[in-house]
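Computed from a predicted structure; not experimentally measured.
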Amino acid sequence: MNKITPQPGIMDIALYQGGQSHVAGVEHVIKLSSNENPFGPSPKAIEAVRDSAAALHRYPSTDHASLRAAIGERHWLDSARLICGVGSDEVLQFIAQAYAGPGDEVIYTEHGFSMYPIIARMAGATPVMAAERNRQVDVNNILAAVNDQTRIVFVTNPGNPTSTMIPEAELLRLAKALPKTCLMVIDGAYAEFVDGFDGGASLVDRFDNVIMTRTFSKVYGLGGMRVGWGYAAQSIIDVLNRVRQPFNLSLTALAAAEAAVNDIEFLSFCQAENARLRVWLSDELAKIGVPSDASCTNFILTRFADRTEAEACDDYLKTQGLIVRRVAGYNLPNALRITVGDEEACRRVVAAITVFKGGVA
Ligand SMILES: *Cc1c(COP(=O)(O)O)cnc(C)c1O
């Protein structure tokens, strides 16, 4: 037996299950399993990546000043209170590492992102689940789970894989009711898909214990580049920077993200196409007996009669070269999460599910 043993809790961490991207024997698959942008990255980001190649012998910026300034300008935020990470996953990890440890509790919600319990355990803390209600975050259930050990509450708004969101008044109620010793993290990975929503930035400005996280992986189409950011009180950002490696973001990643955040035209195009197609997809599927909640994101959560039907539909879609996401691991066994693709992808999904349901496409 190996005498080298990991820290307590490490072996309780379940490995993250990513979206599938291949089907054996099927060519030309359309991947709708990871909420990626069907239009790819901004052409300007691609150009910035190319341009960065000649400088790869140089270490990148350690303070990300240029990217933070660009984000601050586009989102009307104080760039001094921003921190950038290798995906928002890394920012979430900084938060858990800096503010939770053995004996502490970290609250996440029933259908919440699977990274929250993972990073809580990485920090040695205990993840605690608060039930949702009708696939929506329930502030009362979160508050009922809070105790003296609670250090962090993670809320995704809009939610993944639910696609629903709670009103800003509910976020405000939560922020007001939480003890000042407990951090509230608003994960805004999908905030750009909600017209007029600031992702929780105004709550960060009002409360010292509220943090907002955002990502370049979704609407900006840079999942492969791994860039995310957080916005919080200066005192919190100063703490998080102490657990951040000085060169966490590559030169290439910084260049791509800065070009992407400045390409407002491409952003608007992606937002408009998504808003149009998510409604079309959801309406067409509802007509054939596959309902979903009104989506505030770039995916829909389709519901089936039971787990057997959901899995049978997933199997059938795979034979048609369409990869969607099973979400039984998120306590949603009857459902499939389908990323809103481009128009052709959406049409193919509707046609395939129509056939699956016994209709004629
Ligand atoms: C996709 C996603 C993220 C983004 O993760 P990155 O590390 O930035 O790629 C964060 N939170 C939720 C809920 C997500 O769905």
Side-chain angles (χ1 to χ4, degrees), residues 16-47 49-50 87 160-161 163 189-190 193 215-226 256 260 263 266-267 269-290 292 295 297-304 308-330 335-361:
Y16 179 79
Q17 303 290 326
Q20 200 182 334
S21 54
H22 302 284
V23 187
V26 183
E27 275 180 59
H28 307 300
V29 295
I30 299 185
K31 185 184 174 204
L32 303 171
S33 58
S34 297
N35 303 337
E36 293 153 341
N37 187 339
F39 306 105
S42 149
K44 293 191 173 139
I46 296 174
E47 201 181 304
V49 166
R50 272 201 206 102
N160 170 25
S163 85
Y190 300 94
F193 297 107
T215 183
F216 281 92
S217 301
K218 304 289 157 54
V219 77
Y220 290 105
L222 289 176
M225 201 45 96
R226 315 301 306 124
D263 192 349
F266 182 74
L267 173 68
F269 166 78
C270 296
Q271 287 168 321
E273 278 297 273
N274 179 71
R276 177 176 79 86
L277 289 167
R278 71 183 170 192
V279 173
W280 183 84
L281 182 62
S282 168
D283 287 353
E284 292 300 310
L285 292 177
K287 285 182 204 160
I288 56 171
V290 180
S292 52
S295 169
T297 61
N298 66 338
F299 57 87
I300 63 170
L301 184 72
T302 54
R303 301 196 302 276
F304 293 83
T308 308
E309 193 193 26
E311 291 182 353
C313 184
D314 179 44
D315 288 339
Y316 177 72
L317 290 175
K318 279 203 186 77
T319 67
Q320 303 304 300
L322 295 164
I323 305 181
V324 302
R325 186 76 159 256
R326 290 187 188 196
V327 284
Y330 290 86
L336 294 177
R337 192 190 71 188
I338 306 177
T339 302
V340 178
D342 61 12
E343 183 161 339
E344 193 218 322
C346 290
R347 289 189 183 280
R348 274 181 61 180
V349 167
V350 170
I353 296 181
T354 302
V355 173
F356 170 77
K357 281 288 202 175
V360 179

Donor-acceptor pair between N35 and R325 side chains, under 3.5 angstrom:
no
Roughly how far, to the nearest 0.5 Å, is CG of N160 from OH of Y330?
6.0 Å
Judged by atom type as modelled, is there a donor-acceptor pair below 3.5 Å linking the side chain of N298 to the main-chain atoms of V340?
no
Can you tell me how far CG of D315 sits from CZ of F356, rounded to the nearest 0.5 angstrom?
8.5 Å
R337 and P161: which non-hydrogen atoms are nearest, and at how many Å?
CD-CB, 3.7 Å
In chain order, what residues pass the side-chain hydrogen bond (donor to acceptor under 3.5 Å, both in side chains) check against K44, with sequence neighbours excluded?
none
Rounded to the nearest 0.5 Å, how far apart are CZ of F193 and OG of S163?
12.0 Å
List the steps, then state whether side-chain contact (heavy atoms from CB on, under 4.5 Å) holds for S42 with Y220.
CA-CA 7 Å; S42 149; Y220 290 105; over 6 Å; no
Which residues satisfy the side-chain contact (heavy atoms from CB on, under 4.5 Å) test with K31, sequence neighbours excluded?
S21, S33, S34, E36
Spacing of CZ belonging to F269 relative to CG belonging to N274, to within rounding of 0.5 Å:
11.0 Å
Taking I300 as the fixed residue, which of V279, I338, T339 is the one that meets the side chain to side chain contact (heavy atoms under 4.5 Å, CB included) rule?
I338
Can you give me the closest heavy-atom contact between I323 and H22, atom names plus distance?
CD1-N, 3.6 Å
Just one of V324, L32, I353 clears the side chain to side chain contact (heavy atoms under 4.5 Å, CB included) bar with L336, so which one?
V324
Nearest heavy-atom contact between G321 and V26 is CA-CG1, 3.6 Å
Salt-bridge criterion met for K287 and D283 (N-O under 4.0 Å):
no
Rounding to 0.5 Å, atoms CD1 (I288) and NZ (K357) come to a distance of 7.5 Å
What's the shortest heavy-atom distance between L222 and P41, and which atoms?
CD2-CB, 3.8 Å
Distance flag, aromatic centroids of F266 and F39, threshold under 6.0 Å
no
One should read off an interatomic distance between L281 CG and R278 CZ, to the nearest 0.5 angstrom, of 11.5 Å
Side chains of S217 and R226: does their closest heavy-atom pair fall under 4.5 Å?
yes
Please find the pair of heavy atoms, one from Y316 and one from A352, that lie closest to each other, and give the distance.
CE2-O, 3.2 Å
Counting only pairs under 3.5 Å, give me each side-chain donor-acceptor contact of residues 341-350, with atom names and distances, residues two or more places apart or in other chains.
{"from": "D342", "atom 1": "OD1", "to": "E344", "atom 2": "N", "distance (Å)": "3.4"}
{"from": "D342", "atom 1": "OD1", "to": "A345", "atom 2": "N", "distance (Å)": "3.0"}
{"from": "E343", "atom 1": "OE1", "to": "R276", "atom 2": "NH1", "distance (Å)": "3.4"}
{"from": "E343", "atom 1": "OE1", "to": "R276", "atom 2": "NH2", "distance (Å)": "3.0"}
{"from": "E343", "atom 1": "OE2", "to": "R347", "atom 2": "NE", "distance (Å)": "3.1"}
{"from": "E343", "atom 1": "OE2", "to": "R347", "atom 2": "NH2", "distance (Å)": "3.0"}
{"from": "R348", "atom 1": "NH2", "to": "Q320", "atom 2": "O", "distance (Å)": "3.0"}

Which atom pair, heavy atoms only, marks the closest approach of V23 to K318?
CG1-O, 3.9 Å
